[in-house]
Structures are given as C-alpha cells and as structure tokens.
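Below: one structure, written as structure tokens.
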Amino acid sequence: MENKLENVLSDYTDEDYSGAETPEIFSVAIDGPAGAGKSTVAKIIAKTLGIVYVDTGAMYRAMGLKALNLGYDPADPASVIPMLPDTEISIAYVDGAQHIFLDGEDVSGLIRTEEVSQAASKISAIPEVREKLVELQRALAKKESLVMDGRDIGTVVLPAAKYKLYVTASAEVRAQRRFLEYEQKGKLDGRSFEDILAEIIERDDRDMNRPVAPLRPAEGAVIVDTSELGIDEVVAKVLEIMGAAAK
Ligand code: DC
C-alpha cells in the first residue's frame, strides 16, 4: 500500500512537530468545517488502506458534554480548566467503530446533539483543553498508521502527516445535508433549514476565528470541495490524490 501511495503531494514545512511519521507508520490528516463529509470520507479511506480512523471531534464533544453535565458554561475557562485534571477521555473500537469514553463511561450515544456540538466548539477554543487532547491524538498517531479528522490535524496535531486534505463545501450544501440527516433520524426538533444553516455558520465562525488552532487548510493540504460531488466521487478523488486510485 505504501508504494501505491508514493506519488502524493505531502508537505513537511510545519516543523513544530516532526511526530509520528516513520517508514512504517504514516498518517492521513483530514480537516474541514462541520458537515463537509470529512468523517464519511475518512472512514472509507481508513477501510481502504486497512488502518484505523480517529474522530477527534468526538473528544471535544465528550469534553463539552462533561462541562454541560456539571452545569458549567463550556466557554468559561475558569470553570473548565480546573475540571481537566480529573477528566479522562479515551477511545476504543467496538466492531471496527470508534467509541468514546468519558471518565470510563461510553458516551458515544450522547454526543451527537446540537447542544453538545456547540459546547464542543466553545470548549475547544480553550488552549488547555486542546493541549490535553492533542497529546492524546499524537500518542495515537505514534502507535499506528491512521486517518485522523478534525479542525487542526494538518496544521497543529500532525503537521508532518504524509497526506493532508482539507475537505470543504458551501455552508448551504452542508446545512442541506445536515437538515436531511436530522429529518431522517427524527432529530430536527422543529428546526427549519434556516435554523440549521445558522447553527453551521455560528460553529464555522467560532472554529475559524479562535486565536488557538483555528480551522484553516494546512500548508500543502489538498483542498477537496464536496459541494457538487457525491460520496463515491469524493472518495475516488481523494484516493486519486493519494496516488491510490481504487482500481
Ligand atoms: O468534527 P465535529 O463536528 O464532531 O467537532 C465538534 C467541535 O469540536 C468543532 O465544532 C470544533 C471542535 N474540534 C476542534 O476544535 N478540533 C478538532 N480537531 C476537532 C473538533
């Protein structure tokens, strides 16, 4: 597989973390805004390459959930920072799917609400929170080859990643996808398309404009706009970019 992937653009100019890359262990870093299709692409790429997929958003979601459970404002460093030494976040794979554990409890089923999405976005702007989770993410990447998705994987967590992608789409297209997904899952809770669009824009704005590790394409990242593409086309494009076009 490594040989097949050789002709790919990769970038090693962000030198602050030379990290996990060895001839045997490599990473695929995928960043982008909410709803762009990152996790769908990342999961398929991981499966195709036979390596694990790590969803870092779930870690920030678990942190946000804890703050909400304690009645804290997730944007308030004064309440969040003291909580960190007693907070344990870990992941495990159950039937190939990532499960996220908060203080020993599997909270995978509790983190996909809009309330937790916004809490994750708020708490992720606190540098001490990021420091703790980046350490965990780098430790995972050191152990084995993986596909990791998030907002700062190519820029901060694994700047030496062999492959870096920035998967994006227009806010309207992302809101439309979210709207349909929530509708199908009965999770709309009376919200209109405009409400979902406003939530997406709010989260983009916070994730892109925070002082620490804002969402932006990493140097050398290949930008994939999924606005006009179906998932199969996106995956084919990404594999082609990676020099491993599915035959
Ligand atoms: O990918 P997601 O929607 O599950 O992420 C939830 C929030 O967590 C997102 O709005 C910003 C934050 N996040 C982050 O700051 N850095 C990451 N690497 C992943 C997520």
Side-chain angles (χ1 to χ4, degrees), residues 29-47 53-65 67-69 73-75 96-100 106-125 147-154 165-210 213-217 221-238:
I30 304 187
D31 292 304
K38 291 187 303 288
S39 69
T40 311
V41 176
K43 279 180 204 163
I44 297 173
I45 300 299
K47 206 166 178 193
Y53 162 59
V54 176
D55 165 12
T56 63
M59 300 174 185
Y60 291 95
R61 286 170 180 271
M63 279 285 185
L65 177 68
L68 292 175
N69 286 345
D73 172 0
Q98 175 182 307
H99 282 233
I100 182 95
D106 186 347
V107 293
S108 312
L110 305 175
I111 58 168
R112 300 286 159 198
T113 64
E114 182 55 29
E115 191 188 16
V116 175
S117 301
Q118 296 293 353
S121 175
K122 288 177 186 163
I123 210 163
S124 72
V147 180
M148 187 175 276
D149 80 3
R151 302 292 187 287
D152 62 336
I153 310 306
L165 298 164
Y166 188 85
V167 178
T168 189
S170 72
E172 286 72 19
V173 166
R174 290 184 285 124
Q176 185 63 33
R177 289 178 188 159
R178 271 288 141 88
F179 183 79
L180 291 175
E181 180 194 331
Y182 287 162
E183 197 173 37
Q184 273 167 10
K185 292 184 180 161
K187 281 169 61 178
L188 265 181
D189 297 331
R191 284 172 297 168
S192 65
F193 168 76
E194 283 71 26
D195 295 332
I196 306 281
L197 179 60
E199 289 165 2
I200 290 251
I201 290 172
E202 182 186 345
R203 201 138 68 92
D204 281 358
D205 182 54
R206 202 184 297 111
D207 296 347
M208 290 173 177
N209 293 309
R210 64 187 178 210
L215 170 64
R216 61 179 169 80
V222 179
I223 296 179
V224 180
D225 189 324
T226 69
S227 303
E228 312 266 308
L229 302 176
I231 187 64
D232 290 351
E233 292 168 302
V234 175
V235 169
K237 187 165 181 163
V238 167

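Everything numeric here is computed off the predicted structure, so don't read it as measured data. For reference, positions follow the sequence shown, starting with 1.
The heavy-atom pair separating D195 from G190 by the smallest distance is OD2-O, 4.4 Å. In terms of heavy-atom proximity, A58 sits nearest to Q98 at CB-NE2, 3.7 Å. In terms of heavy atoms, D205 sits closest to N209 at OD1-ND2, 2.7 Å. Across every non-hydrogen atom of R177 and G35, the tightest pair is NH1-O, 3.7 Å. Nearest heavy-atom pair across M208 and P33 is CE-CB, 4.4 Å. Residues S192 and F179 come closest through the heavy atom pair C-CE1, 3.7 Å.
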Problem set entry | side chain to side chain contact (heavy atoms under 4.5 Å, CB included) between T168 and I223, worked out | CA-CA 7 Å; T168 189; I223 296 179; 4.2 Å; yes
Problem set entry | Residue pair I45, L165: steps toward the side chain to side chain contact (heavy atoms under 4.5 Å, CB included) verdict | CA-CA 12 Å; I45 300 299; L165 298 164; 5.8 Å; no
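Shown here is E115, whose CD atom has no more than 12 heavy atoms of other residues, nucleotides or ligands within 6.0 Å.
With contacts defined as side-chain heavy-atom distances shorter than 4.5 Å, the pair V116/L110 does not qualify.
A salt bridge is defined here as a Lys NZ or Arg NE, NH1 or NH2 lying under 4.0 Å from an Asp or Glu carboxylate O, and K185 with E181 meets this definition. With respect to E199 and R191, a salt bridge is recorded, a charged nitrogen being found less than 4.0 Å from a carboxylate O. Using a 4.0 Å cut-off between charged nitrogen and carboxylate oxygen, R206 and E202 count as a salt-bridge pair. Between K38 and D149 there is no salt bridge, since no side-chain N of the basic residue sits under 4.0 Å from a carboxylate O of the acidic one.
Distance check, rounded to the nearest 0.5 Å: OG of S124 to CZ of R61 gives 10.5 Å. Atom CD of Q176 sits about 11.0 Å away from atom CD1 of I200, to the nearest 0.5 Å. Here NZ of K47 is found 11.0 Å from NZ of K43. Values are rounded to the nearest 0.5 Å. Rounded to the nearest 0.5 angstrom, I196 CD1 and I201 CD1 are separated by 12.0 Å. One distance of note links CD1 of I153 with OG1 of T56; it measures 4.0 Å at 0.5 Å rounding. Here the straight-line distance linking atom OG1 of T113 with atom OH of Y182 works out to 8.0 Å at 0.5 Å rounding.
Between the K187 side chain and the R112 main chain, a donor and an acceptor come within less than 3.5 Å of each other. Formation of a donor-acceptor pair under 3.5 Å by the R210 side chain with backbone atoms of A125 is not found in this model. With hydrogens and angles disregarded, a donor-acceptor distance shorter than 3.5 Å links the side chain of R174 to the backbone of A169. Judged by distance alone, the side chain of D31 and the main-chain N or O of Y166 form no donor-acceptor pair under 3.5 Å. Counting only distance, with no hydrogens or angles, the side chain of S108 and the backbone of I100 share a donor-acceptor pair below 3.5 Å.
When the options V173, V41, V234 are evaluated for a side chain to side chain contact (heavy atoms under 4.5 Å, CB included) with T226, the one that passes is V234. Screening K122, R151, R216 for a salt bridge (Lys or Arg N to Asp or Glu O under 4.0 Å) involving D207 leaves a single residue, R151.
Looking at R178 and S117, their side chains never bring a donor and an acceptor atom within 3.5 Å of each other. Of the N and O atoms on the side chains of Q118 and E114, at least one donor lies less than 3.5 Å from an acceptor on the other residue.
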